[in-house]
K.L.:
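First the structure, which I've put down as structure tokens, then a few questions once you've had a look.
Computed from a prediction, not measured in an experiment: that's the story for all the values here.
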Number of protein chains: 2
Amino acid sequence: MRLAELSRRGAVSTATVKYYLREGLLPPGRRISATQAEYGEEHLRRLRLVRALIQVGRMPVAAARDVLAAVDDQSLDQHMRLGAATWALPHGPQPAEDDPAVEEARRTVADLLERLGWLCGTGPGEELSPAHHGLVSSVAALTRLGYSCDAARLLPYARLAGELAVHDLDRVEEYDRPAEQVEAAVAVTVLYEPVLLSLRRLAHVQESRRRFAP
Amino acid sequence: MRLAELSRRGAVSTATVKYYLREGLLPPGRRISATQAEYGEEHLRRLRLVRALIQVGRMPVAAARDVLAAVDDQSLDQHMRLGAATWALPHGPQPAEDDPAVEEARRTVADLLERLGWLCGTGPGEELSPAHHGLVSSVAALTRLGYSCDAARLLPYARLAGELAVHDLDRVEEYDRPAEQVEAAVAVTVLYEPVLLSLRRLAHVQESRRRFAP
């Protein structure tokens, strides 16, 4: 397809498509004349992923480029490639050093992961993952604000998160090719976050009605 | 306690406490002299909640004030008061009008709520809740980006959200007084969102290892 059709099917302006091409977020098309290029379904898929990252995930262009570089890194096996791609997604703030609440949160998270038998805190070279840092930060925030939060309390949330992950990766495995699976994993991670938070708030209303309505 | 102790125990500067008092985010203390006031445990609890809203939830002062007004509204029954307080929390963007993806998402969400038997889409006066709008927007974003998303696909996520809500409201019911319960509901809603998203990303790594690791 030509750029105009790619723009129409991806529901973004041609100016935006050209901007993404210039920024390296979309690979160049196949040149068919001095002024025209041909684009394929893989460009359309990539365009949608870029929109998911930038428009829904509100990621800066540089961060989106890092995620896509990991998506395209064929030197990794599939597990590592999925990990690298979601590793590059934005996460919450890094936990502060020398903060007693952070030290306590680190112990809580270590205790939790051990109870779950999850080996997921670390990535290549045993470096702690951004998701691990994010969890430590948010548990520390709870503690600091006087809402104590130990591993026993986190356990049911982690078990439910594990069930969510099964559904998420079922969606990913609906795609056949490894490259499409990695793209889908990134898109599902980012796009289902607001879905999940809205569903939880709706469920609060339902559960509050059940318990407290007169 | 005096302002200095409130500031120390709430882990914010005295300047910040004075700012929150001026902005009406904290109720005034009991005046004990021309220059001094006395604060109670309820001030400390409120100070922590304000920090949760502003520092973790990144809410503007005006939005935090709206949430607190709902928390303090004693004219409502407990279910309505919980609803009003979380209703005032910030949500995602409103769904666009005249967008076919939004129309489709509205039907999907209506279908989902019917299958679940949830009556939670509406609040006082049958107005659609912000959580309902947020869900429609995020389902529309999925559709627009080529990830189709029908009620059958959302159902397992909604069921898991329902289980999360049970745990969340168990935490809320650890508090005895209705006013404390409403404060806890707001804090738990805001503070557990980053916890949950980090846990989900950790669970992805674990599930990906199980499926894809060589």
Side-chain angles (χ1 to χ4, degrees), chain A residues 11 48 51-52 56 77-79 82-83 86 92 118-121 129 131-132 134-135 138-139 141-142 144-147 154 156-158 160-169 173 187-189 191-209 211-214, chain B residues 11 48 51-52 56 77-79 82-83 86 92 118-121 129 131-132 134-135 138-139 141-142 144-147 154 156-158 160-169 173 187-189 191-209 211-214:
Chain A
R48 287 175 166 156
R51 288 185 58 211
V56 182
D77 70 58
Q78 188 68 348
H79 169 60
L82 284 170
T86 51
W118 287 6
L119 303 164
C120 56
S129 75
H132 188 283
L135 183 58
S138 34
V139 169
L142 276 162
R144 229 180 276 121
L145 295 171
Y147 296 89
L154 288 172
Y157 289 92
L160 291 169
E163 291 184 53
L164 289 169
V166 170
H167 289 290
D168 289 336
L169 286 184
E173 289 209 86
V188 163
T189 300
L191 294 173
Y192 273 78
E193 288 189 349
V195 170
L196 192 60
L197 297 183
S198 297
L199 283 171
R200 173 171 173 256
R201 292 204 186 173
L202 280 176
H204 282 164
V205 181
Q206 180 66 15
E207 183 64 18
S208 158
R209 183 190 306 267
R211 298 190 187 205
F212 300 117
Chain B
R48 287 175 166 156
R51 287 185 58 211
V56 183
D77 70 59
Q78 188 68 349
H79 169 60
L82 283 170
T86 52
W118 286 6
L119 303 164
C120 55
S129 75
H132 188 283
L135 183 58
S138 34
V139 170
L142 276 163
R144 231 180 274 120
L145 295 171
Y147 296 89
L154 288 172
Y157 288 92
L160 291 170
E163 292 183 52
L164 289 169
V166 171
H167 290 290
D168 289 337
L169 287 184
E173 290 209 86
V188 163
T189 300
L191 294 174
Y192 273 77
E193 288 190 350
V195 171
L196 191 60
L197 297 183
S198 297
L199 283 171
R200 174 171 173 255
R201 291 203 187 174
L202 280 176
H204 281 163
V205 180
Q206 180 66 14
E207 183 64 17
S208 158
R209 184 190 305 266
R211 297 190 189 204
F212 300 118

K.L.:
Relative to chain A, which of B:Glu163, B:Arg51, B:Glu173 shows the most heavy atom pairs under 4.5 Å?
P.N.:
B:Glu173

K.L.:
Against chain A, work out which of B:Val195, B:Leu145, B:Val166 has the most heavy-atom pairs shorter than 4.5 Å and name it.
P.N.:
B:Leu145

K.L.:
Rounded to the nearest 0.5 Å, what separation is found between the CG atom of A:Leu164 and the CG atom of B:Leu164?
P.N.:
7.0 Å

K.L.:
For B:Tyr157 and A:Leu199, work out which heavy atoms get closest and say how close.
P.N.:
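The answer is CB-CD1, 3.8 Å.
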
K.L.:
What heavy-atom pair brings A:Ala131 and B:Ser198 nearest, and what distance separates the two atoms?
P.N.:
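Between these two residues, the closest heavy atoms are O-CB, 3.7 Å.
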
K.L.:
Do B:Arg144 and A:Arg48 come within less than 4.5 Å of each other through their side chains, counting heavy atoms only?
P.N.:
no

K.L.:
Look up atom CG in A:Leu169 and atom CD in B:Gln206, then write down how far apart they are to the nearest 0.5 Å.
P.N.:
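Answer for the CG-CD pair, A:Leu169 versus B:Gln206, is 11.0 Å.
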
K.L.:
Quick one, A:Arg201 and B:His132 - any side-chain contact, counting heavy atoms below 4.5 Å?
P.N.:
no

K.L.:
A:Leu202 and B:Trp118: side chain to side chain contact (heavy atoms under 4.5 Å, CB included), yes or no, with the steps?
P.N.:
CA-CA 9 Å; A:Leu202 280 176; B:Trp118 286 6; 4.2 Å; yes

K.L.:
Output yes when a side-chain donor or acceptor of B:His79 lies under 3.5 Å from a complementary backbone atom of A:Arg209, and no otherwise.
P.N.:
yes

K.L.:
Given heavy-atom pairs under 4.5 angstrom as the criterion, report whether the side chain, backbone, both or neither of B:Ala141 touches chain A.
P.N.:
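The side chain, not the backbone.
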
K.L.:
Given heavy-atom pairs under 4.5 angstrom as the criterion, report whether the side chain, backbone, both or neither of B:Leu82 touches chain A.
P.N.:
side chain

K.L.:
Within this structure, what is the CG-CG distance for the pair A:Leu160 and B:Leu160, rounded to the nearest 0.5 Å?
P.N.:
6.0 Å

K.L.:
With a 4.5 Å cut-off on heavy-atom pairs, point out which of A:Leu191, A:Leu154, A:Val139, A:Leu196 contacts chain B the most.
P.N.:
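Looking at each of A:Leu191, A:Leu154, A:Val139, A:Leu196 in turn, A:Leu191 comes out on top.
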
K.L.:
Show, in sequence, the C-alpha distance, side-chain angles and deciding distance for B:Tyr192 and A:Leu142, and conclude whether the side chain to side chain contact (heavy atoms under 4.5 Å, CB included) test is met.
P.N.:
CA-CA 8 Å; B:Tyr192 273 77; A:Leu142 276 162; 3.7 Å; yes

K.L.:
Quick check for you: among B:Asp77, B:Thr189, B:Val188, which has the greatest number of heavy-atom pairs under 4.5 Å with chain A?
P.N.:
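Between B:Asp77, B:Thr189, B:Val188, the count favours B:Thr189.
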
K.L.:
Once rounded to the nearest 0.5 Å, what's the spacing between atom CZ of B:Arg211 and atom CD of A:Gln78?
P.N.:
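Spacing of CZ (B:Arg211) from CD (A:Gln78) equals 12.0 Å.
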
K.L.:
Side-chain contact, heavy-atom cut-off 4.5 Å: B:Arg200 with A:Asp168?
P.N.:
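A side-chain contact exists here, since the closest heavy-atom pair is under 4.5 Å.
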
